[in-house]
Protein chains: 2
Amino acid sequence: MGKKCTGVEKTLAVVSGKWTSMILYHLYTNEKLRFGELRRALPGITQKMLTSDLRELEKHRIIERKVYPQVPPKVEYCITDHGKTLLPLLEQMDEWGDAHAQQTLDPSASTIHSI
Amino acid sequence: MGKKCTGVEKTLAVVSGKWTSMILYHLYTNEKLRFGELRRALPGITQKMLTSDLRELEKHRIIERKVYPQVPPKVEYCITDHGKTLLPLLEQMDEWGDAHAQQTLDPSASTIHSI
DNA sequence: CAGGATCCTGGGCGATACTG
DNA sequence: CAGTATCGCCCAGGATCCTG
């Protein structure tokens, strides 16, 4: 990685939102979802956070927002091709995080070092 | 990735600190560094943030803290073997972030979609 | 030299109410 | 249905001063 880790910070700016990865997971496994469907798929999320996280992802061109001009309103969200390039990275992060959880609770891994 | 993205969140808990990736970069390219060396290597960081980020990384067993009981005090930090498993992930994040920056400023990538 | 103790600020996030 | 608009909390992060 580069000395200043600017890329790392840019990536974090995209994925570090509390609900971001779960939003992307659902859009990844469902191809496209409406606002209300996403809301129901994410127990605990408020409508404000869902809206702002979706706007943020849209700003970064990770997802696409399709508005159907009708009453009642209908909006669909899906991952863009560019957004799909993020999925392997999220996959890696998920795997490392789980492996890390295993590692840190493993007593045999404790390092004894003399001072 | 898993439905609940618990791994992603665990990873973020480790690497999302503002200075974390740069701390690891320097410990990766330098093998071991003293507190003051790290401080000088990271222009802009405060002593408080360096201390707390180092403590956090130590808690997760990403780095090791070696205290030499002498006056004046001497403390050395280095990456653990477990911490080294994080480096490929940071590398990926750095690459994706830079590529993403390219993508988002590329005008030809703008998607025109009818509403 | 390598921190500890305090105080402070911005923004991420949540709760609630309202709307085209 | 798919959002806006407010209000307020919490805490990561910064500034400053102090110490074994």
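The sequence lines fix the lettering, A, B, ..., with proteins before strands; numbering per chain opens at 1.
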Minimum-distance pair of heavy atoms, taken over all atoms of Tyr25(B) and Cys5(A): CB-SG, 4.0 Å
Whole-Å gap separating P (dG4(C)) and CG (Leu54(B)): 11 Å
Leu24(B) versus Ile79(B), closest heavy-atom pair with distance: O-CD1, 3.7 Å
Minimum-distance pair of heavy atoms, taken over all atoms of Glu76(A) and Tyr68(A): OE1-OH, 2.9 Å
Centroid separation His82(B) to His60(B) less than 6.0 Å: no
Any donor-acceptor N/O pair, Glu58(A) side chain to Ile63(A) backbone, under 3.5 Å: no
Contact list (N/O, under 3.5 angstrom) for nucleotides 4-8 of chain D vs protein:
{"unit_1": "dT4(D)", "atom_1": "OP1", "unit_2": "Arg55(A)", "atom_2": "NH2", "d": "3.1"}
{"unit_1": "dT4(D)", "atom_1": "O4", "unit_2": "Gln47(A)", "atom_2": "OE1", "d": "3.0"}
{"unit_1": "dT4(D)", "atom_1": "O4", "unit_2": "Gln47(A)", "atom_2": "NE2", "d": "2.6"}

d(CZ, Phe35(B); C1', dT19(D)) in whole Å: 14 Å
Heavy-atom pair of closest approach, residues Leu12(A) and Val15(B): CD1-O, 3.8 Å
Donor-acceptor under 3.5 Å (Thr80(B) side chain, Ile62(B) main chain): yes
Phosphate contact (dC1(D) OP1 or OP2) by Arg34(A) side-chain N/O below 4.0 Å: no
Bending between helix ends of the helix from dC1(C)-dG20(D) to dG20(C)-dC1(D) [5 pairs per end, 10° resolution]: 50°
Given dG3(C), dG3(D), dC1(C), the nucleotide with the shortest approach to the side chain of Pro72(B): dC1(C)
Length of the line joining Met49(B):CE and dT16(D):C1', which is rounded to integer Å: 16 Å
Lys74(A) vs Pro73(B), nearer the 5' end of DNA chain D by closest nucleotide: Lys74(A)
Glu37(B)/Arg40(B) ion pair, N-O < 4.0 Å: no
Val75(A) vs Arg34(A), side chain to side chain contact (heavy atoms under 4.5 Å, CB included): CA-CA, chis, key distance, verdict: CA-CA 6 Å; Val75(A) 179; Arg34(A) 300 183 57 173; over 6 Å; no
Protein-nucleotide distance (Leu50(A), atom CG; dG14(C), atom C1'), rounded to Å: 14 Å
d(CD1, Ile45(A); P, dT16(C)) in whole Å: 16 Å
Lys66(B) NZ - dA2(C) C1' separation (whole Å): 18 Å
Lys18(B) NZ to dG14(D) C1', straight-line distance once rounded to whole Å: 8 Å
Between dC1(D) (C1') and Leu38(A) (CG): distance, integer Å: 14 Å
